[in-house]
Engineer: 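Below is a structure I'd like to ask you about.
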Amino acid sequence: RGDQIMSKLDEAKETLNTFRVLLSIFVAIAATLGGTLVNNARSETFDVYFYLGCVLIFIFSVAIIFLLKKIKSVTSDIGEM
């Protein structure tokens, strides 16, 4: 029984670390996209890439919120083990 708990705990920790790495990557991409959008807006370049960037910022924002909820859930599960 003890080995099963440790196995599940290790798996949960690995999942948590994976989610944290993904969160870091998504935040970095969103920050880069945001900077690019601000630069394009300041130069009044509203082409297809600007609007594509807006859509991608929205998608990454939703993904970040989803990952934060998953991280909270996995952290809670680890606390209960």
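Any value given below was found using the heavy atoms of this structure, including those in side chains, with hydrogens, waters and symmetry copies removed. A quick note: this is a predicted structure, and the numbers were derived from the prediction, not measured.
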Engineer: Please work out whether the ring planes of Phe60 and Phe26 are parallel, tilted or perpendicular, with thresholds of 30° and 60°.
Structural biologist: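 Phe60 vs Phe26 ring planes: perpendicular.
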
Engineer: In residues 31-38, what donor-acceptor pairs under 3.5 Å come from side-chain atoms, sequence neighbours left out?
Structural biologist:
| from | atom 1 | to | atom 2 | distance (Å) |
| --- | --- | --- | --- | --- |
| Thr32 | OG1 | Ala28 | O | 2.9 |
| Thr36 | OG1 | Thr32 | O | 2.9 |

Engineer: Could you list the cluster mates of Ile65? Members are the ILVMFWY residues connected by side-chain heavy atoms closer than 4.5 Å, either directly or through other members.
Structural biologist: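 Listed partners: none, Ile65 stands alone.
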
Engineer: Does Ile25 have any side chain to side chain contact (heavy atoms under 4.5 Å, CB included) partners at least two apart in sequence or in another chain, and if so, which?
Structural biologist: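 In terms of side chain to side chain contact (heavy atoms under 4.5 Å, CB included), with neighbours along the sequence ignored, Ile25 is linked to Val21, Ile29.
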
Engineer: If Ile, Leu, Val, Met, Phe, Trp and Tyr residues are connected whenever their side-chain heavy atoms lie under 4.5 Å apart, and connections chain through other members, are Ile57 and Leu52 in the same group?
Structural biologist: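 Yes, because Ile57 and Leu52 connect within a single hydrophobic cluster, where side-chain heavy atoms sit under 4.5 Å apart.
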
Engineer: Can you list, by chain and residue number, the hydrophobic cluster partners of Tyr49 when the side-chain cut-off is 4.5 Å?
Structural biologist: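 When side chains under 4.5 Å apart are linked, the cluster holding Tyr49 also contains Val48.
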
Engineer: Just distance, no hydrogens or angles: give the donor-acceptor pairs under 3.5 Å from side chains in residues 74-81, sequence neighbours left out.
Structural biologist:
| from | atom 1 | to | atom 2 | distance (Å) |
| --- | --- | --- | --- | --- |
| Thr75 | OG1 | Ile71 | O | 2.7 |

Engineer: Counting N and O atoms only, with roles assigned by atom type, does the side chain of Ser73 sit under 3.5 Å from a partner on the main chain of Lys69, one being a donor and the other an acceptor?
Structural biologist: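 Looks like no, no N/O pair under 3.5 Å.
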
Engineer: In Å and rounded to the nearest 0.5 Å, what is the CD1 to OG distance from Ile64 to Ser24?
Structural biologist: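 If we round to the nearest 0.5 Å, Ile64:CD1 and Ser24:OG are 10.0 Å apart.
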
Engineer: NZ of Lys13 to CZ of Arg20: how many Å apart, nearest 0.5 Å?
Structural biologist: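 That separation rounds to 10.5 Å.
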
Engineer: Only counting residues at least two apart or in another chain, list the ones meeting side chain to side chain contact (heavy atoms under 4.5 Å, CB included) with Lys70.
Structural biologist: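 Lys70 satisfies side chain to side chain contact (heavy atoms under 4.5 Å, CB included) with Phe19, Phe66 only.
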
Engineer: Is a donor on one side and an acceptor on the other found under 3.5 Å between the side chain of Asp47 and the backbone of Phe50?
Structural biologist: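 Pair found, side chain donor or acceptor close to backbone of Phe50.
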
